[in-house]
Amino acid sequence: MIKTATRFTILTFLLLGILGFSQEKKKFSSIPNILQQINPGNKVDSWVLVYNSYGKGEEIKISGKVNYTPQFSGFNLFPSEDSFYYIAYSEGGKVNYITDIEGLKKFIDRIDNAQEAAVMLAAEGYMVDEEFKDLAGNYHEDKSNYYLDLGKLTSKECPYQKTHYTVTVNKSTGTVGNVKDNGTYIELYNKKCTNNPRLLKIEKKEEPKKDEPKKTPKRK
């Protein structure tokens with residue numbers, strides 16, 4: 001009886017340990033490292049991933065040799081005006097280029113890891129926010145799904161804002177099973193925002209009273 005109880009206790013702790021491990025959140029290290037984890041779904045002869053910053057290209061992943069022409073536009077997983085990525089790949093003796101997220105999505109085709117899941121979701125407007133990884137730049141997984149905490153730009157108007165979501169992606173099919181809205185984590189106003197709360201308070205303070213009589217100077 002004691003041996004049975006002991007075995008049951010050990011089994012319980014083992015199960016709890018496995019569940020705890022599966023729920024452990026891991027932060028995405030960086031955008032370049034995420035892109036370095038992708039692999040083409042279809043067989044290509046060779047390919048190269050290039051990072052372009054301020055007009056200067058850097059090959060950050062190379063698989064074989066590709067004689068390609070530098071590109072002047074590309075894709076990004078995080079909004080940036082000064083940098084972008086593109087892929088040049090050789091297939092059947094012809095060199096092709098991927099310069100947008102939709103093309104990148106087709107290139108990956110099948111999700112093999114959490115990094116590829118994040119790339120696929122970038123096509124739907126989600127992003128790994130490198131400045132707020134605790135909220136919008138991490139993931140955990142179990143046997144069936146990836147659970148990604150990602151950000152999304154939900155307003156470019158006043159106020160500019162970002163919202164973070166937990167997106168469930170099925171490992172077998174790559175489909176999104178559930179999207180949980182975790183709320184806004186950035187809300188920024190500027191001086192041009194007519195709905196800026198601080199600006200409205202200042203305007204109310206400076207507004208003169210209409211019914212107040214004008215004071216006339218006293219004669220000495």
Side-chain angles (χ1 to χ4, degrees), residues 22-42 47 49-53 60-61 71 73-87 89 97-190:
S22 67
Q23 294 297 316
E24 182 185 353
K25 289 190 177 183
K26 300 174 184 177
K27 291 181 182 178
F28 289 109
S29 52
S30 66
I31 299 299
N33 284 339
I34 290 170
L35 290 170
Q36 285 170 354
Q37 302 303 313
I38 67 173
N39 289 293
N42 299 320
W47 64 285
L49 171 65
V50 183
Y51 173 61
N52 185 295
S53 179
I60 63 173
K61 184 169 183 177
Q71 301 296 295
S73 64
F75 57 84
N76 214 324
L77 302 188
F78 187 83
S80 176
E81 295 178 359
D82 304 315
S83 65
F84 59 87
Y85 300 84
Y86 64 89
I87 289 174
Y89 67 97
Y97 299 92
I98 295 171
T99 57
D100 57 37
I101 293 292
E102 282 298 330
L104 180 60
K105 190 175 176 181
K106 291 176 183 176
F107 183 74
I108 295 171
D109 187 47
R110 175 186 168 83
I111 294 174
D112 296 315
N113 52 51
Q115 287 77 14
E116 289 186 344
V119 172
M120 291 292 205
L121 288 170
E124 307 300 324
Y126 295 99
M127 62 184 172
V128 173
D129 196 331
E130 293 187 289
E131 296 176 338
F132 299 90
K133 287 183 182 178
D134 288 334
L135 297 173
N138 62 77
Y139 70 95
H140 66 276
E141 61 183 287
D142 57 25
K143 189 178 179 180
S144 304
N145 301 302
Y146 296 110
Y147 305 91
L148 295 90
D149 290 332
L150 301 172
K152 199 172 192 179
L153 188 60
T154 46
S155 175
K156 291 183 180 180
E157 303 299 327
C158 293
Y160 169 89
Q161 66 181 21
K162 293 178 185 177
T163 303
H164 56 126
Y165 299 86
T166 301
V167 186
T168 303
V169 179
N170 185 277
K171 287 184 174 181
S172 300
T173 63
T175 56
V176 175
N178 184 50
V179 177
K180 181 185 175 185
D181 186 337
N182 298 315
T184 302
Y185 67 98
I186 286 182
E187 191 171 74
L188 297 175
Y189 292 89
N190 58 44

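Given the structure is predicted, the values throughout are model-derived calculations rather than measurements.
- Rounding to the nearest 0.5 angstrom, the gap separating the CD atom in Gln161 from the OG1 atom in Thr184 is 4.5 Å.
- When side chains are defined from C-beta on, Tyr51 does not count as touching Pro32, because their heavy atoms never get closer than 4.5 Å.
- For the residue pair Thr166 / Asn182, a side-chain donor-acceptor distance below 3.5 Å is found, with atom types taken as modelled.
- Side-chain N or O atoms of Lys25 include none that pairs as donor or acceptor with a backbone N or O of Asp134 at under 3.5 Å.
- Put simply, the side chain of Gln37 never gets that close to the backbone of Glu116: no donor and acceptor are under 3.5 Å apart.
- The side-chain heavy atoms of Ile87 and Leu35, taken from C-beta on, include no pair separated by under 4.5 Å.
- Sorted by first and then second residue, the salt bridge (charged side-chain N to carboxylate O under 4.0 Å, His left out) pairs with a member in residues 97-109 read Lys105-Glu124; sequence neighbours excluded.
- In this structure, Gln115 contributes its side chain and Asn33 its backbone to no donor-acceptor pair below 3.5 Å.
- Taking every heavy atom of both residues into account, Leu135 and Tyr185 meet most closely at CD1-CB, 3.7 Å.
- Using the six-membered ring where Trp is involved, Phe75 and Tyr85 have ring planes that are parallel, under 30° apart on the 30 and 60° scheme.
- Remark: Glu24 CD to Glu141 CD distance equals 10.5 Å, nearest 0.5 Å.
- Of the candidates Thr154, Leu150, Leu148, Thr154 is the only one forming a side chain to side chain contact (heavy atoms under 4.5 Å, CB included) with Tyr165.
- Annotation for Gly103 and Ile98: closest pair C-CG2, 3.6 Å, computed over non-hydrogen atoms.
- Of the inter-residue distances, the one linking Leu49 atom CG with Ile38 atom CD1 reads 6.0 Å to the nearest 0.5 angstrom.
- Rounding to the nearest 0.5 Å gives a distance of 10.5 Å between CG of Asp82 and CG of Asn52.
- Rounding to the nearest 0.5 Å places OH of Tyr89 at 11.0 Å from OH of Tyr97.
- Nearest heavy-atom pair, Ala136 versus His164, reported as atom, atom and distance to 0.1 Å: CB-CB, 4.2 Å.
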Practice task
Could you give me the CA-CA distance, side-chain angles and deciding distance for Ile108 and Met120, then say whether side-chain contact (heavy atoms from CB on, under 4.5 Å) is met?
Solution key: CA-CA 8 Å; Ile108 295 171; Met120 291 292 205; 3.8 Å; yes
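- Here the side chain of Gln36 pairs a donor or acceptor atom with the backbone of Ile60 at under 3.5 angstrom.
- In this structure, Tyr147 and His140 have parallel ring planes: the angle between them is below the 30° cut-off, well short of the 60° mark.
- Rounded to the nearest 0.5 Å, atoms CG (Leu77) and CD (Glu130) are 9.0 Å apart.
- Between Asp149 and Lys133 there is no salt bridge, since none of the side-chain N atoms of the basic residue sits less than 4.0 Å from a carboxylate O of the acidic one.
- Residues that satisfy the side chain to side chain contact (heavy atoms under 4.5 Å, CB included) test with Thr175, not counting sequence neighbours, are Asn170, Thr173.
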